[in-house]
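Here the structure is a predicted model, which means the values were calculated and not measured. Convention: sequence-line order gives letters A, B, ...; per-chain numbering from 1.
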Amino acid sequence: MSTIVTRFAPSPTGYLHIGGARTAIFNWLLARHFGGTFLLRIEDTDLQRSQSDMTQSILDAMAWLGLDHDGEITYQSQRFDLYNEYIDKMLETGHAYWCSCSPEEVEAMREQARQKGLKPKYSGRCREAGLGPGPGRVVRLKAPVTGATLVDDMVKGPVSIDNAELDDMVLRRGDGSPTYNLAVVVDDATMGVTHIIRGDDHLNNTPRQILIYKALGFDLPRFGHVPMILGPDKKKLSKRHGATAVMEYETEGFLPEAMLNGLVRLGWAHGDQEIFSREELVSLFTADNLGSSAAVFDKAKLMWLNAHYIKESPASRLAVLLNAFLERRGFNNLDLDYLARIVPLLQPRAQTMAEMAEKAECFVVADEALVYDMAAVKKFFTDDVRGHLAHLRELLAGLCCFNHASMEAAVAGYLEERELKFKLVAQPLRVAVTGATASPGLFETIEVLGRERALARLDRALSL
RNA sequence: GUCCCCAUCGUCUAGCCUGGUCCAGGACAUCGGCCUUUCACGCCGGUAACAGGGGUUCAAAUCCCCUUGGGGACGCCA
């Protein structure tokens, strides 16, 4: 039997954003789930607005998310001949005609319709004029004026639109280039695309495209229109809502699996399950569970997912990422093995890698450059406490095994002898060694820091 | 303006197709508590929703209609 073919068809006019990434994910999952093919097509027919570096950045973002495509990438800009071939075919079969109306004239027609409270459309003036080619002339689809066109949508269900609502759309521009609707249909049909999941905003376009499919005698694919992603104010997500480009999230320290998981849950669900591995998604995803109402993008939930995946990741992998984030903060030539020992202490404490890097700073900063929270120093370093700190410093210096268990035991013993509570020295020690009042477990921290650095910091703290 | 789509806690959603098991379940966020050497993690608990109105039915979150609200489309953009 025929296998599923899906596609993602971004236009290289900007970065891959949240919404585009989600439709890419849905199409990718549908293909992978059914063992089909996932194609990638760059819609760059608008030479003015398309930028080649944008194509690369879209590819990079997809690679980051792990959305691999099959076969070669199709570029619409290289298929103009093909489009023209089909336009000519429609001209021959009487499904299209030449029109000499200027854009201004058409705009006037629309304005007139608007005045009457009707839907603005082209009047069809040249429809029966029997015009031939000519400079500046466009080719229009000779669309049916009666009846209705039905879209049997995978997510919206049956959607019917009166053909009277549609006008004779332009297929070939005055400069000879094909329009979007024509190119999309020719591409999807010739590329063998069987299922198209795309944004809600294309739903109104679909009947028009179906008309072209019919005029060309192509089989119809299945369409699925997923709702738009909204900002917290329920308006279409845009830059003013903060980060919209997928790769901005990488910069902020999100893991690709968190992004994938988070995005797929916007408009798709599988019962009460929240966490999905890539493999699970592939095996569970079908268009059946796609929701039909718009979703607000909630960064807080993405944070939670990211924190979850950070906790799950092996330290060695995170160490590499942490290194990159620390480099951005000006720390170079760090030892990955050392970072891998810091990571476990920070895994439950960081929601993003950027946050982890921030918290890791006190581990990688030079002892003499460690910044102390002076308010804390003042609060905790009383004369009495300084005395204990000095003793503890000697105790740590003489410890046989420098690990947190023996450290803890030694300190406990010291305190017990004097009938003191651990609370008395816990925060002072923490401040002395990390400079701050909040940190991972005290002894784990000291262990990772190592004897030399811990003692150096204790000495420095005592001199403050 | 015209057409199309949508409507369950603040947010993501389950349930809706195949009415009763739902005085609506989960998750994030939030609030309280526990744990505790700080900060987190974790655990326990709380607040919180079927937009409104009409039908249909013994019974409606679930089916139908209307209203309202939101979104989208009406390009020689994609």
Side-chain angles (χ1 to χ4, degrees), chain A residues 9-13 43-46 48-50 76 99 101-103 106-107 110 113-122 136-140 151 153 155-157 159-162 164-167 169-175 177-181 183-184 199-208 225 227-228 230 232 234-236 262 265-275 289 291-305 307 311 345-351 359 376 408 411 421-427 429-431 434 436-443:
Chain A
S11 149
T13 49
E43 312 221 317
D44 54 355
T45 50
D46 188 334
Q48 263 74 45
R49 299 205 305 159
S50 298
Q76 288 193 326
C99 168
C101 299
S102 69
V106 177
E107 187 39 51
R110 294 206 173 90
R114 261 190 283 264
Q115 301 281 301
K116 292 183 195 156
L118 297 173
K119 191 155 205 155
K121 353 187 275 183
Y122 169 66
R137 288 185 183 177
V138 302
V139 174
R140 286 181 183 277
V151 184
D153 199 87
V155 346
K156 306 279 188 189
V159 177
S160 172
I161 292 186
D162 283 343
E165 293 295 325
L166 279 21
D167 64 357
M169 79 191 108
V170 172
L171 303 174
R172 178 189 288 161
R173 302 190 182 98
D175 64 2
S177 63
T179 57
Y180 165 75
N181 282 114
V184 166
D200 227 352
D201 48 340
H202 287 281
L203 186 55
N204 288 280
N205 265 331
T206 308
R208 301 167 183 280
H225 289 93
M228 318 249 68
L230 277 22
K234 303 252 187 186
K235 301 281 183 213
K236 190 171 173 175
R265 282 287 286 104
L266 246 37
W268 180 83
H270 182 261
D272 287 337
Q273 191 171 343
E274 297 286 350
I275 306 291
N289 307 312
S292 52
S293 54
V296 172
F297 178 67
D298 182 20
K299 196 166 174 180
K301 190 153 187 175
L302 184 66
M303 286 276 204
W304 170 75
L305 275 169
K311 289 183 201 102
L345 306 193
L346 265 19
Q347 273 175 302
R349 295 177 169 80
Q351 290 199 289
K359 290 189 155 79
E408 189 157 8
V411 172
K421 291 246 180 77
F422 183 50
K423 274 196 191 296
L424 181 73
V425 296
Q427 283 301 75
L429 260 178
R430 188 187 312 284
V431 171
T434 68
T437 53
S439 83
L442 184 54
F443 297 117

ask   = Looking across every strand, which nucleic acid part, if any, lies under 4.0 Å from A:Pro10 by heavy atom: base, sugar-phosphate, or nothing?
value = nothing

B:rU67 versus B:rG20 - spacing of their C1' atoms, nearest Å = 29 Å

query = Would you call A:Lys119-A:Asp167 a salt bridge at under 4.0 Å N-O?
reply = no

Heavy-atom donor-acceptor pair, A:Asp153 side chain to A:His225 backbone, under 3.5 Å = yes

task = Would you check if the side chain of A:Asp44 reaches a backbone N or O of A:Gln76 as a donor-acceptor pair within less than 3.5 Å?
result = yes

inquiry  = In whole Å, measure the gap between the C1' atoms of B:rG45 and B:rU57 for me.
reply    = 40 Å

query = Using the C1' atom in both, what is the distance from B:rA14 to B:rC28, to the nearest Å?
reply = 15 Å

request  = For B:rU11 and B:rU37, measure between their P atoms and round to the nearest Å.
outcome  = 40 Å

key: Proximal nucleotide (of B:rU38, B:rA78, B:rC6) relative to the A:Lys156 side chain   = B:rC6

ask   = Using the P atom in both, what is the distance from B:rC23 to B:rC4, to the nearest Å?
value = 37 Å

message = Using heavy-atom distances to pick each residue's nearest nucleotide on RNA chain B, tell me which of A:Leu118 and A:His270 is more 5'.
response = A:Leu118

ask   = Starting at NZ of A:Lys423 and ending at C1' of B:rU37, how long is that distance when rounded to a whole Å?
value = 7 Å

query = Of the options A:Val170, A:Val184, A:Val138, which is the one that meets A:Thr179 in a side-chain contact (heavy atoms from CB on, under 4.5 Å)?
reply = A:Val170

remark   = Rounded to whole Å, CZ of A:Arg349 lies from P of B:rC39 at a distance of 11 Å

ask   = What integer number of Å spans the C1' atoms of B:rA27 and B:rG69?
value = 27 Å

query = For nucleotides 22-32 of chain B, read 5' to 3', which letter fits each nucleotide if B means a protein heavy atom sits under 4.0 Å from the base, S means only the sugar-phosphate is that close, and - means neither?
reply = ---BBBS----

Separation of the C1' atoms in B:rA48 and B:rU68, to the nearest angstrom = 23 Å

remark   = Applying the 3.5 Å cut-off to both distances, the Watson-Crick or G-U partner of B:rC74 turns out to be B:rG1

inquiry  = So that I can tick it off, tell me whether A:Arg114 and A:Glu107 are bridged by a salt bridge, with the cut-off set at under 4.0 angstrom between side-chain N and carboxylate O.
reply    = yes

inquiry  = Test your reading of the model: is there a side-chain donor-acceptor pair from A:Asp175 to the backbone of A:Ser177, 3.5 Å cut-off?
reply    = yes

query = Which nucleotide, B:rU38, B:rA78, B:rA7, lies nearest any side-chain atom of A:Asn181?
reply = B:rA78

query = Using the C1' atom in both, what is the distance from B:rC17 to B:rG54, to the nearest Å?
reply = 24 Å

message = Could you tell me how far apart A:Arg430 (CZ) and B:rU38 (P) are, to the nearest whole angstrom?
response = 7 Å

ask   = Can a donor-acceptor pair be found between the side chains of A:Thr434 and A:Arg430 at a distance below 3.5 Å?
value = no

inquiry  = Categorize A:Lys311 for me: base, sugar-phosphate, or nothing, with a 4.0 angstrom heavy-atom threshold over every strand shown.
reply    = sugar-phosphate

ask   = What is the nucleic acid contact for A:Gly262, judged by heavy atoms within less than 4.0 Å: base, sugar-phosphate only, or nothing?
value = nothing

request  = Determine yes or no for a side-chain-to-main-chain donor-acceptor pair under 3.5 angstrom, with A:Arg110 supplying the side chain and A:Lys121 the backbone.
outcome  = no

query = In whole angstrom, what separates A:Asn289's CG from B:rC12's C1'?
reply = 15 Å

query = From the list B:rU8, B:rA78, B:rC12, which nucleotide is the closest neighbour of the side chain of A:Ser293?
reply = B:rU8

ask   = What is the nucleic acid contact for A:Ser439, judged by heavy atoms within less than 4.0 Å: base, sugar-phosphate only, or nothing?
value = base

message = Strictly under 4.0 angstrom, non-hydrogen atoms only: write out the protein contact profile of nucleotides 62-76 of chain B, one letter per nucleotide from the 5' end, B, S or -.
response = ---------SBSBSB

query = Can you check the A:Lys359 NZ to B:rU38 C1' distance for me, whole Å?
reply = 12 Å

